[in-house]
Amino acid sequence: MRMVDIIEKKRNGEELTTEEIRFFVQGYTKGEIPDYQVSALMMAIYFRDMSERERADLTMAMVESGDQIDLSKIEGIKVDKHSTGGVGDTTTLSLAAMVAACGVPVAKMSGRGLGHTGGTIDKLEAIEGFHVELSSDQFAKQVNEMKMAVIGQSGNLTPADKKLYALRDVTGTVPSIPLIASSIMSKKIAAGADAIVLDVKTGDGAFMKTLEESEALAHAMVKIGNNVGRKTMAIISDMSQPLGYAIGNALEVKEAIDTLKGEGPKDLEELCYTLGAQMVVLGGKAKTIEEARTMLEKVIQNGEALEVFKKFVAAQGGDPSVVDDPTKLPQAKYTIDVAAKETGYIQKMEADDIGIAAMLLGAGRATKESTIDLSVGLVLQKKVGDTVAIGDTLVTIHTNQLDIENVIQKLYTHIVISAEKVEAPELIKKVIT
Ligand code: URA
Ligand code: CA
């Protein structure tokens, strides 16, 4: 087999065989096929697309390029959730405890990552003593005992995806539906879940800015999952403004705990119920979405979800008393209120730039080497559609430095107040099964 023939075939709009797809993925991972040939192929795929069969084959070739996590020691149907990423998205922490309390095992592999705030693991490390260094036996044992554990990412998961993504990043071939969908799904499948629920974000703070693009990506991922034997569902949710109120690591942990107490922001709560209901159905613990939702509401009301979270924190070395007293989480030295300069309605809270403002305070990593400050971030006091009067607090800044004029300016620029009434955006745009 010759790589140049594969490139020409795709350039001409033909379908690649399973063997051809395996050949280039394996060859590239091993360093036997050079970057320039794979770049050409990525560009051909960008223009020519891939069939459903090719997408499934590409996904599985990437899965097979590295380690695959074996979750067979864990009882029950393992359901994983993946979000395509947003600002202030604390969903994982509360959602995991909620579905675990309904009896669905949550065996979560999480990352740190670059972004406006840290990833799930950084957030959890805001809890004194918490660690994610579990052996695979400890991991399985913990999930069997309390239905929930979080572990750090294995080093050799989908190496083909790592190499291909890095190459796409510098060759203008990231925004291709078949390439994005197979990249995301390969990581979820290698992480061992039996079933997958996807939260595809849409809007300013999302990877996909328009509803059409987000829908196309969601459909592509659901198809891949189901075609390779993992039951997959997706929702599309709004990311034109940040999710919930808190953006920042310790601040988001507090928000997740509030949500488990039934006192969280309405949008975050709604997202947890919507995603959670799908997970409980896929996990075989309820027959219908309605039944699953009722179960989830119950574990919030009777405190069982909060109890699962406490046990999970303690099992991984963390101080469970933060659940009763979140002031034990890292606190920033100063809080500064940003006051409205006009009266009217909140028209926009642009998620992406508000996320960058949180990052400038130190809540996120600009490069892999940056350290993050777990205590800092933003707490919104208003959301899109709310009324606002001059002098009302729009956002409270939690910071360890006082020289933050750039952050304040950014917030004023990207929080837009209008005289006309504005409707709050719909949170759940679509459910795709
Ligand atoms: N996120 C991924 O993991 N892969 C892509 O290709 C794009 C976004
Ligand atoms: Ca939030």
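Both counts, for ligands and for their atoms, begin at 1 and track the order of listing.
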Indicate whether any N or O donor in one side chain lies under 3.5 Å from an N or O acceptor in the other, for [X] and [Y].
| X | Y | answer |
| --- | --- | --- |
| Ser110 | Gln153 | no |
| Thr92 | Lys108 | no |
| Asp57 | Thr18 | yes |
| Ser240 | Asp204 | no |

For Phe207, the ligand 1 atoms whose distance to one of its heavy atoms is below 4.0 Å: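 Close to Phe207: 7 (C), 8 (C).
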Heteroatoms of the protein, restricted to N/O/S, which lie under 3.0 Å from the Ca ion (ligand 2):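 Per the 3.0 Å query on the Ca ion (ligand 2), atoms found are Gly88 O, Leu243 O, Ala246 O, Glu255 OE1.
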Salt-bridge contact Arg293-Glu270 (side-chain N to carboxylate O under 4.0 Å):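 Between Glu270 and Arg293 there is a salt bridge, with a charged N closer than 4.0 Å to a carboxylate O.
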Ionic contact status for Lys201 with Asp199, cut-off 4.0 Å: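 Yes, Asp199 and Lys201 are salt-bridged.
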Identity and separation of the nearest protein heavy atom to [atom]:
| atom | result |
| --- | --- |
| atom 8 (C) of ligand 1 | Tyr165 OH, 3.4 Å |
| atom 3 (O) of ligand 1 | Lys187 NZ, 2.5 Å |
| atom 4 (N) of ligand 1 | Ser183 OG, 2.6 Å |

Any N or O of Asp161 closer than 3.5 Å to N or O of ligand 1: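 For ligand 1, there is no N or O atom that lies under 3.5 Å from one belonging to Asp161.
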Glu350 side, atom CD; Lys348 side, atom NZ - distance, nearest 0.5 Å: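 So the gap between those two atoms works out to 5.0 Å.
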Nearest-0.5 Å distance that lies between atom CG in Leu427 and atom OG1 in Thr274: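 Rounded to the nearest 0.5 Å, the CG-OG1 separation comes out at 7.0 Å.
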Ring-ring centroid check Phe23 Tyr28, cutoff 6.0 Å: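 So the answer is no for these two rings.
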Ligand 1 contacted by Val174 (non-hydrogen, < 4.0 Å):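 No, Val174 has no heavy atom closer than 4.0 Å to ligand 1.
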